[in-house]
Amino acid sequence: MTSSTLTQIAPLGEPPQSPSPRRRRRRDGSALGLGIRIALAVVASAVIFFPLYWMVVIAFSPRGEVFRPGGVQFWPSTFSTENFASLFARFPIAEWFTNSLVIGAFVTALTVIVNLLAGYAFARIRFAGRGILFILALATMMIPVQAIMVAQFRLVTGLQLTGTYWSVILPGAAAAFGLFLARQFFLSIPEELIEAARMDGAGHLRTFLQIVLPLSKPLIAVLTLLTLLGSWNDFAWPLIALKDPALFTLPIGLLYLKGQSTPDYSASMALALISVVPMVLLFLLFQRYFVQGFARSGIR
């Protein structure tokens with residue numbers, strides 16, 4: 001061992017050297033940046049969740065507190081469920097909820113099936129005009145929904161579906177964004193798996209069902225959540241297509257409630273809370289797959 005090596009070894013019992021000023025500044029700067037990011041995240045979360053919190057406060061506050069001089073406080077003076085009891089006694093909330101659930105379930109099932117099959121075809125099956133058809137499908141995303149409502153209504157009327165569930169279900173049975181998301185996800189699946197299935201004699205349908213579909217749980221979760229959320233909150237088209245008040249969905253029921261001669265804001269907040277809670281719970285249950293689906297599809 002040379003003398004230069006001995007000089008680099010600190011004697012036993014000697015305290016470790018303190019970090020250099022440059023390293024301390026870097027460490028302090030990173031800690032400050034982390035603190036700023038946490039503070040911004042807290043502020044953004046408060047801004048986003050405050051309307052939901054305020055909805056809960058008004059929904060569970062006594063009905064008279066909304067119109068008292070001091071207004072509603074940040075916490076109900078008395079935790080009351082009279083707004084929900086009055087709401088269910090005066091309006092067919094159970095029917096509106098069932099209608100939203102039935103329409104949302106059928107629209108989601110059809111949309112997910114169509115988008116998965118079409119996305120796999122655009123990603124893994126070579127056919128003439130594939131690129132042009134895909135671009136045309138994406139181009140429909142730039143067309144406002146209001147621009148096609150007249151043609152859509154004439155089509156539904158010609159099929160004699162007006163005033164039925166199918167008048168809302170069939171027009172929403174596919175989505176261009178879901179098609180794009182499915183194609184991008186399937187492109188991320190290794191080509192070796194597809195080739196191995198073909199070498200074993202599997203066709204496209206068998207490859208899709210036995211190889212691709214079991215790997216697509218994050219994609220299915222994303223498509224399910226996005227489609228169900230869009231159908232659950234859809235207002236304009238169900239208002240046009242559903243004539244019978246017995247078929248109204250929750251968004252139409254909320255408008256009907258607001259249009260009463262004497263608006264009941266507490267009951268409106270209670271109905272809005274009933275409409276929001278299922279979607280929030282669904283997202284909390286499947287948020288892990290939701291994030292994975294967007295990450296695997298290459299969308300940031």
Side-chain angles (χ1 to χ4, degrees), residues 37 41 103-145 147-148 152 155 166 168-234 278-300:
R37 289 194 294 270
I103 292 175
F106 275 94
V107 170
T108 301
L110 289 176
T111 302
V112 170
I113 293 173
V114 170
N115 285 337
L116 288 176
L117 293 173
Y120 177 79
F122 278 113
R124 296 301 182 180
I125 301 177
R126 293 181 175 87
F127 56 90
R130 181 178 65 171
I132 297 176
L133 288 176
F134 184 67
I135 292 175
L136 291 177
L138 293 184
T140 60
M141 296 174 60
M142 297 182 288
I143 302 176
V145 178
I148 63 174
Q152 191 169 279
L155 178 62
W166 295 108
V168 181
I169 294 172
L170 292 181
F177 180 74
L179 172 62
F180 169 75
L181 202 65
R183 176 183 177 271
Q184 296 302 112
F185 185 92
F186 291 141
L187 288 176
S188 68
I189 295 178
E191 182 68 23
E192 291 77 9
L193 294 176
I194 310 297
E195 292 297 332
R198 292 174 181 171
M199 292 178 63
D200 290 339
H204 287 298
L205 183 59
R206 182 181 174 187
T207 302
F208 174 78
L209 294 177
Q210 296 185 0
I211 304 298
V212 176
L213 198 60
L215 300 175
S216 304
K217 292 180 181 179
L219 172 63
I220 296 174
V222 171
L223 292 178
T224 300
L225 285 173
L226 292 180
T227 307
L228 184 57
L229 181 62
S231 175
W232 189 269
N233 293 327
D234 192 13
M279 296 297 103
V280 174
L281 295 178
L282 195 64
F283 175 77
L284 292 177
L285 289 175
F286 296 99
Q287 60 176 333
R288 179 168 62 92
Y289 294 108
F290 189 80
V291 175
Q292 290 179 3
F294 273 110
R296 289 279 301 275
S297 61
I299 297 178
R300 301 292 189 266

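The CD1 atom of Ile189 sits 6.5 Å away from atom CZ of Arg124, with the distance rounded to the nearest 0.5 Å. Here the CE-CH2 distance, from Met279 to Trp232, works out to 5.0 Å after rounding to the nearest 0.5 Å. To the nearest 0.5 Å, the span separating CG on Asp200 from CD on Gln210 amounts to 10.0 Å. Considering CZ of Phe186 and CG of Leu215, their distance stands at 9.5 Å, rounded to 0.5 Å. Atom CD in Glu192 sits 10.0 Å away from atom CD1 in Ile194 (nearest 0.5 Å). With rounding to the nearest 0.5 Å, the separation of CG in Leu110 from OG1 in Thr227 is 10.5 Å.
With hydrogens and angles disregarded, no donor-acceptor distance shorter than 3.5 Å links the side chain of Thr108 to the backbone of Ala105. A donor-acceptor distance shorter than 3.5 angstrom exists from the side chain of Thr224 to the backbone of Ile220, with no hydrogens or angles considered.
Residues Leu225 and Leu282 form a side-chain contact, since some pair of their non-hydrogen atoms from C-beta on lies under 4.5 Å apart. Side-chain contact between Phe185 and Val222 is absent, with no heavy-atom pair separated by less than 4.5 Å. Side-chain contact between Leu136 and Thr140 is absent, with no heavy atoms from C-beta onward closer than 4.5 Å. Side-chain contact between Leu219 and Leu116 is present, with at least one heavy-atom pair separated by less than 4.5 Å.
Contact detail for Ala197 and Thr207: the closest heavy-atom pair is CB-OG1, 3.7 Å. When all heavy atoms are compared, the tightest approach of Ile125 to Arg130 is O-NH1, 3.1 Å. Leu179 and Ala137 get closest at one heavy-atom pair: CD2-CB, 3.8 Å. Closest non-hydrogen pair, Ala182 versus Asn115, comes out as CB-O, 3.4 Å. Closest approach of Leu138 and Ala176 over heavy atoms only: CD2-O, 4.1 Å.
Classified by interplanar angle (parallel below 30°, tilted 30° to 60°, perpendicular above 60°), the ring pair Phe127/Phe122 is tilted.
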Is there a side-chain contact (heavy atoms from CB on, under 4.5 Å) between Phe177 and Leu226? Walk through the geometry before answering. CA-CA 10 Å; Phe177 180 74; Leu226 292 180; 3.7 Å; yes

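Within 6.0 Å of atom CD1 in Ile132, 12 or fewer heavy atoms from other residues, nucleotides or ligands are found, so the atom counts as exposed in its surroundings.
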